[in-house]
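Order of the sequence lines fixes the chain letters, A, B, ..., with proteins taken first and strands second; residue numbering starts at 1 for each chain.
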Amino acid sequence: MFEDLLADASVAFRLAVEEIGLTYSEDPDWVPIPFKGKWGFGTPACFQIAAAEAKSGKKINVPQRAEEIASLVSKSILPPSGFDAVEAERGYLNLFIQTRTYAEHVIDNVLENHDDFGKGKKIGERVMVEYAQPNTHHSFHIGHARNAMLGESLARLVEFAGFDTIRASYPGDIGLGVITCVWAYDKFYRGQEPEGIHKKGQWLAGIYTEATSLVTPSDDDSESTLNEKAAYDEERRDLLKKWDDGDPQVRALWGETRQWSLDELSEILSLLGIEIDVYFYESEVIGPAKEIVDELITLGIAEDERPDGPVIVRIDEKLGLTKEKYRTAVILRSDGTALYLTNDLALAKEKFEKYSVDRSIYVVDVRQSLHFQQAFKILELWGFPQAQYCRHLAYGFVTLPEGAMSARRGNVVLFMDVYEEAKRRVSNIINEKNPDLSEDQREKVVHQVGLGALTYSMLAVDNNKDIIFNWDDALSFDGHSAPYIQNAHVRAMSILRRAGDVPGGASFNYDLDETEIELIDIISRFQNTVKKAATEYKPLLMATYAYDLAKAFHHFYHAVRVLQADADNIRDARIRLTDASRQTLANALRLLGIEAPEMM
RNA sequence: GCCCCUGUAGCUCAAUGGAUAGAGCACCGGACUUCUAAUCCGGCGGUUCCGCGUUCGAGUCGCGGCAGGGGCGCCA
């Protein structure tokens with residue numbers, strides 16, 4: 001927003017340096033001045049000049065000399081247009097901005113662009129974000145929710161930043177685990193399924209947990225139990241073989257149970273506001289996967305050790321590395337069946353060739369880092385230039401205070417349970433704070449705020465940190481939380497409702513309060529935050545931004561009167577500022593996948 | 001053995017190599033006849049795991065440790 005201005009400032013700075021007999025040929029770095037009620041940019045360039053002098057042999061104290069230079073420059077520099085004051089402070093040269101002019105510029109910009117405020121220009125590159133991909137026949141727990149929320153926010157960010165964006169999901173709908181569940185359902189529970197999408201999905205997930213224990217030997221099993229488990233194990237493997245051979249009965253059984261899971265998934269995703277563009281089902285990728293192995297062998301990238309061993313790629317050796325880093329990857333079992341890596345390679349090829357993807361982002365938990373590093377290196381060896389724009393967005397686990405969640409052991413916190421609890425808690429608070437809310441509005445707010453709180457608690461932590469799930473932290477409604485941000489939006493809405501029409505224009509030709517300047521300052525940083533969060537793949541930056549903005553609005557709200565301002569021109573300007581704040585809050589929340597309520 | 005991630009206030013976490021390391025929670029004390037108090041103001045709280053190095057300047061970069069977590073040939 002201030003690039004032109006700062007370019008002029010850089011020229012003025014260099015001229016001023018020359019004026020006092022020194023030289024500085026680089027572009028000075030301009031950083032926002034730590035906020036003190038005036039708005040501006042400062043540069044530490046004088047430190048660099050002083051450091052250069054010290055290097056050339058002069059015996060000087062660099063910080064002291066920097067202060068001298070900054071002071072001299074401040075006297076010789078002509079404030080470039082758009083700035084109204086110059087100041088030297090502790091070696092920094094600070095330029096202060098003409099607050100009134102820029103306040104209008106920023107606010108006009110927001111109110112002209114509405115929902116598109118902060119949107120980047122089309123970049124002409126296609127990015128595919130792969131996320132929201134639990135296995136079928138399992139439960140959708142809070143860890144899956146972190147994945148889905150992170151992926152969705154990222155997709156919204158890159159889309160808004162100007163990338164052509166495809167949302168993709170790759171559910172694991174086949175494999176020994178899935179078939180074990182199908183086996184147990186068929187053997188013990190067929191026809192007993194309950195009604196209701198979530199009930200049925202969770203019931204099936206319960207069978208999965210039980211089925212796993214039925215076939216997994218444990219130390220304290222008696223011999224007869226061990227024999228029984230061995231027999232069961234054979235039955236399920238038999239079933240997988242039949243599935244692989246395309247046995248119509250097995251396929252039908254699998255298809256029916258799979259659909260229950262997919263129905264539940266679809267319901268949950270729609271609750272989260274997620275619309276996936278492309279589904280790649282693992283069961284449909286297996287075919288082509290086996291073909292690519294032949295190609296890799298022909299190209300000399302892979303080595304076929306069959307029948308004595310699998311098909312492998314010695315990645316470190318191919319790259320000429322002496323230390324083991326990418327190691328050796330197995331890309332096909334010795335019996336000729338595909339592995340996870342085989343499928344991912346085939347899928348990547350399809351993404352590049354069929355979907356013309358330039359950048360591919362995989363939102364998958366951190367345990368699979370090596371897997372993706374291997375996949376990306378093999379794609380590189382294979383000759384795909386897109387390989388260097390493949391990125392594994394690893395995120396840490398959501399664990400319980402007592403340890404890791406495990407679907408197989410059944411100690412998971414289900415997303416739906418957390419969601420219901422969130423709604424209950426919001427409802428209790430509404431009883432206390434706003435009991436007059438109509439039933440319709442109440443239902444809406446309970447969803448918006450409950451889900452918002454949960455989403456924010458997932459996005460406000462850096463993705464490579466683990467989250468220890470705790471009900472009170474995950475559903476916090478005070479302080480650094482979604483409801484705090486949503487409440488700022490609600491307060492703005494409330495003022496705007498009473499204000500009637502928002503004036504078409506207004507001049508900030510009065511002494512602005514510090515809180516107004518800070519609020520405008522933060523609004524003006526929105527575009528850069530979008531850009532940075534999108535290019536660094538960090539929704540966290542937007543989460544932090546939204547909080548800072550809400551905080552600035554709450555400060556403003558308490559410090560000044562909008563509707564009862566001292567003069568009409570001030571009232572008009574503040575109404576516009578309120579509207580711009582509301583709009584920016586709404587845009588920031590939208591990019592996090594959080595709704596902005598009109599009341600709460 | 002090798003690779004990756006993490007280590008910041010009592011707790012949970014922020015901080016493009018820049019100015020006095022910031023928030024929330026918790027704790028203590030204040031502000032509702034006011035545009036919604038899910039808010040605001042004040043107080044309390046720090047050897048940024050340790051050491052060495054690079055730099056005018058390091059929580060941030062490099063090297064070496066320590067501690068915790070994850071991963072490492074036919075699971076996904």
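- When Watson-Crick and G-U wobble pairs are counted only if both distances are under 3.5 Å, B/rG42 pairs with B/rC28.
- Using a 4.0 Å cut-off between charged side-chain N and carboxylate O, A/R561 and A/D566 make no salt bridge.
- Residue A/V449 comes nearest to A/P597 through the heavy atom pair CG2-CG, 4.4 Å, listed as atom of the first residue, atom of the second, then distance.
- Within the 4.0 Å cut-off from OP1 or OP2 of B/rA14, at least one side-chain nitrogen or oxygen of A/K465 is found.
- Summarising the base pairing, B/rG22 is matched to B/rC13 through a Watson-Crick or G-U wobble pair whose two defining distances lie under 3.5 Å.
- The CD atom of A/Q374 sits 9 Å away from the P atom of B/rG73 (whole-angstrom rounding).
- Shown here, B/rC72 forms a base pair with B/rG1; the pair counts as Watson-Crick or G-U wobble because both key distances fall under 3.5 Å.
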* Scan nucleotides 58-68 of chain B nucleotide by nucleotide, 5' to 3', and note B when protein non-hydrogen atoms come under 4.0 Å of the base, S if they reach only the sugar-phosphate, - if neither. => -----------
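- One P atom belongs to B/rC4, the other to B/rG64, and the distance between them is 11 Å to the nearest Å.
- For the residue pair A/T337 / A/R333, a side-chain donor-acceptor distance below 3.5 Å is found, with atom types taken as modelled.
- Note on A/D462: only backbone sugar-phosphate atoms sit closer than 4.0 angstrom, heavy atoms only; bases stay farther off.
- Comparing B/rA19, B/rA76, B/rC56 against the side chain of A/A51 picks out B/rC56 as the nearest.
- Qualifying ring-ring contact (aromatic ring centres under 6.0 Å, His included) partners for A/F376, counting only residues two or more places apart in sequence or in other chains: A/Y362, A/F372.
- Look at B/rA37: it lacks any Watson-Crick or wobble partner with both distances under 3.5 angstrom.
- Contacts of A/S369 with the nucleic acid, taken as non-hydrogen atoms under 4.0 Å apart, are absent.
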* To do: Would you mind building the protein contact string for nucleotides 24-35 of chain B? One character per nucleotide, 5' to 3', B for base within reach (heavy atoms under 4.0 Å), S for sugar-phosphate only, - for untouched.
  => SS--------BB
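- With rounding to whole Å, A/L370 atom CG is found 16 Å from B/rC2 atom P.
- A/Y208 and A/H138 share a donor-acceptor pair across their side chains, judged by distance under 3.5 Å alone.
- For A/P310, taking side-chain heavy atoms from C-beta onward, the closest of the listed nucleotides B/rC56, B/rC13, B/rC74 is B/rC74.
- By the side-chain contact (heavy atoms from CB on, under 4.5 Å) test, A/A580 pairs with A/I107, A/V110, A/L111, A/I523, sequence neighbours left out.
- Counting distance only, with no hydrogens placed and no angle test, the side-chain atoms of A/N434 and the base atoms of B/rA37 include no donor-acceptor pair under 3.5 Å.
- We find that CG of A/L321 is positioned 19 Å from P of B/rC72, with the value rounded to whole Å.
- Here the P atom of nucleotide B/rC75 and the CG atom of A/D233 are 13 Å apart, to the nearest Å.
- Side-chain nitrogen and oxygen atoms of A/R367 include at least one within less than 4.0 Å of the OP1 or OP2 phosphate oxygen of B/rG71.
- Residues satisfying the ring-ring contact (aromatic ring centres under 6.0 Å, His included) criterion with A/F553, sequence neighbours excluded, are A/F556.
- For A/L540, the side-chain atoms get nearest to B/rA15 when compared with the rest of B/rG69, B/rA15, B/rC72.
- Note: CD1 (A/I594) to P (B/rA38) measures 19 Å, nearest angstrom.
- With sequence neighbours left out, A/T544 forms a side-chain contact (heavy atoms from CB on, under 4.5 Å) with A/L540, A/D548.
- When the nucleotides B/rC56, B/rG1, B/rC40 are ranked by their closest atom to the side chain of A/R327, B/rG1 comes out on top.
- Between A/R333 and B/rA76, a side-chain N or O to OP1/OP2 separation shorter than 4.0 Å is present.
- Residue A/Y484 is classed as a sugar-phosphate contact, given heavy-atom separations below 4.0 Å to backbone atoms only.
- In this structure, B/rC63 and B/rG51 make a Watson-Crick or G-U wobble pair, each of the two defining distances being under 3.5 angstrom.
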